[in-house]
**Q** 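Sharing a structure here in structure tokens format.
For ligands, and for the atoms within them, numbers begin at 1 and follow the listed sequence. Everything numeric in this text was worked out from a predicted model, so none of it was measured.
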Amino acid sequence: MHKDIETVLYTEQQLSERVRELGAQITNDYSTETPVFIGVLKGSFVFMADLMRSIDLPCQIEFLAVSSYGNKSKTTGAVQLTQDLQADIENRHVIVVEDILDSGLTLNYLITYLGVRNPKSIEICTLLDKPDRRQAEVFPKYSGFTIPDAFIVGYGLDFAEKYRNLPYVGILKPSVYA
Ligand code: IMP
Ligand code: MG
């Protein structure tokens, strides 16, 4: 285990099993459709890559990027779109793929932002959900794991751009960001 990690919450194998379940569920729910998956960079890139390979549907894969945290471990509430969506999503079934749903401010902003482009439907698939910290009402249709209020890194999630490459999800030692 990495020296800055306090506890491993989900191992590589647990993540892989749960991601496969989510993929199967989405495959089943969209069986007659060609959905557009929109990954929220950067945090979702590992989850997105694994999720896509467990989806057995014709589909389109897109990304956009937001930044909301800077190098802090708590949100400032201000969401900034740093890379816009390239694709036209009008009349398409959209699934927004996120690493973690925390205050909900990022996804709340994105759902409104994407909604203006008239998709046929728009749903959220998040790997992790911290419901205790919610400030905006956001309801993910697909959620991998509900987790306690702690700062998590690994499997795409960072602190100050580090730890994204850890193959597991773990709680960061508070001494690292105190
Ligand atoms: P929200 O807007 O507060 O819901 O935060 C969503 C974004 O904040 C996520 O996409 C993550 O990039 C980041 N985030 C929230 N909680 C954590 C965490 O525990 N570890 C790493 N990033 C986090
Ligand atoms: Mg993120």
Side-chain angles (χ1 to χ4, degrees), residues 1-12 14-15 18-19 22 26 36-52 61-85 94-116 122-178:
M1 191 170 68
H2 192 290
K3 64 172 174 43
D4 296 346
I5 301 300
E6 191 167 80
T7 330
V8 174
L9 275 185
Y10 302 106
T11 63
E12 207 172 341
Q14 287 171 313
L15 290 167
R18 186 67 187 119
V19 171
L22 290 172
I26 293 171
V36 186
F37 292 92
I38 303 179
V40 183
L41 294 172
K42 298 174 209 166
S44 73
F45 81 104
V46 179
F47 176 42
M48 185 79 162
D50 284 344
L51 182 67
M52 292 308 101
I61 297 167
E62 300 290 340
F63 291 96
L64 52 70
V66 295
S67 80
S68 55
Y69 274 62
N71 284 353
K72 296 178 226 86
S73 67
K74 293 265 151 84
T75 186
T76 55
V79 181
Q80 199 192 341
L81 195 72
T82 55
Q83 186 189 310
D84 204 351
L85 181 69
V94 169
I95 302 168
V96 180
V97 179
E98 249 290 36
D99 52 358
I100 187 165
L101 178 51
D102 187 21
S103 70
L105 295 170
T106 305
L107 279 170
N108 189 49
Y109 167 85
L110 284 178
I111 296 298
T112 306
Y113 179 78
L114 296 171
V116 172
I122 182 159
E123 299 290 353
I124 293 165
C125 177
T126 186
L127 177 68
L128 304 169
D129 186 2
K130 275 195 232 175
D132 294 351
R133 290 177 32 92
R134 205 58 42 83
Q135 291 176 43
E137 290 207 339
V138 176
F139 304 98
K141 181 166 185 189
Y142 306 99
S143 171
F145 301 97
T146 301
I147 59 167
D149 180 10
F151 199 79
I152 306 306
V153 294
Y155 198 71
L157 289 105
D158 75 308
F159 170 68
E161 299 302 330
K162 282 169 69 189
Y163 313 105
R164 294 193 197 276
N165 56 322
L166 297 179
Y168 49 84
V169 162
I171 298 178
L172 188 63
K173 283 183 182 163
S175 58
V176 176
Y177 54 83

**Q** Near T106, which atoms of ligand 1 are under 4.0 Å from a heavy atom of that residue?
**A** 1 (P), 2 (O), 5 (O), 6 (C)
**Q** Side-chain contact test, heavy atoms from C-beta onward, threshold under 4.5 Å: evaluate it for Y109 versus L81 and give yes or no.
**A** yes
**Q** Among D99, L101, L157, find the residue that satisfies the side-chain contact (heavy atoms from CB on, under 4.5 Å) test when tested with L128.
**A** L157
**Q** Do you know the tightest heavy-atom contact between C125 and F47?
**A** SG-CZ, 3.8 Å
**Q** Using a strict cut-off of less than 4.0 Å between a Lys/Arg side-chain nitrogen and an Asp/Glu carboxylate oxygen, indicate whether E161 and R164 qualify as a salt bridge.
**A** yes
**Q** Does D99 have a non-hydrogen atom less than 4.0 Å from ligand 1?
**A** yes
**Q** Apply side-chain contact (heavy atoms from CB on, under 4.5 Å) to the pair V40 and L64, showing each step before the final yes or no.
**A** CA-CA 5 Å; V40 183; L64 52 70; 4.3 Å; yes
**Q** Could a heavy atom of K130 be found less than 4.0 Å from some atom of ligand 1?
**A** yes
**Q** For S44, state whether at least one heavy atom is located under 4.0 Å from any atom of ligand 1.
**A** no
**Q** I'd like to check which ligand 1 atoms, numbered from 1 as shown, lie under 4.0 Å from a non-hydrogen atom of S103.
**A** 1 (P), 2 (O), 3 (O), 4 (O)
**Q** Just let me know how E98 lines up against ligand 1, side chain, backbone, both or neither, with a heavy-atom cut-off below 4.0 Å.
**A** side chain
**Q** Within ligand 1, which atoms have a heavy atom of A150 less than 4.0 Å away?
**A** 19 (O)
**Q** Any idea which atoms of ligand 1 are less than 4.0 Å away from a heavy-atom of F151?
**A** 17 (C), 18 (C), 19 (O), 20 (N), 21 (C), 22 (N)
**Q** Have a look at ligand 1 and work out which part of L172, if any, has a heavy atom under 4.0 Å from it: side chain, backbone, both or neither.
**A** neither
**Q** Looking only at distances, can you tell me whether any N or O atom of G104, backbone or side chain, sits closer than 3.5 Å to an N or O atom of ligand 1?
**A** yes
**Q** Yes or no: does I100 have any heavy atom under 4.0 Å from an atom of ligand 1?
**A** yes
**Q** Going by the rule ring-ring contact (aromatic ring centres under 6.0 Å, His included), which residues pair with F145 if we only count those two or more places apart in sequence or in a different chain?
**A** Y10
**Q** Give every residue pair that meets the salt bridge (Lys or Arg N to Asp or Glu O under 4.0 Å) criterion with at least one member in residues 166-178, sequence neighbours excluded.
**A** none
**Q** I want to check something: taking the side chain as every heavy atom from C-beta on, are D4 and F159 in contact at a cut-off of under 4.5 Å?
**A** no
**Q** Check each of V66, I152, V79, D102 against atom 16 (N) of ligand 1 and report the one with the nearest heavy atom.
**A** D102
**Q** Only heavy atoms of L157, strictly under 4.0 Å: list the atoms of ligand 1 that pass.
**A** 20 (N), 21 (C), 22 (N)
**Q** Identify the two heavy atoms, one from A136 and one from L105, that lie closest to each other, and give their separation to 0.1 Å.
**A** CB-CD2, 4.1 Å
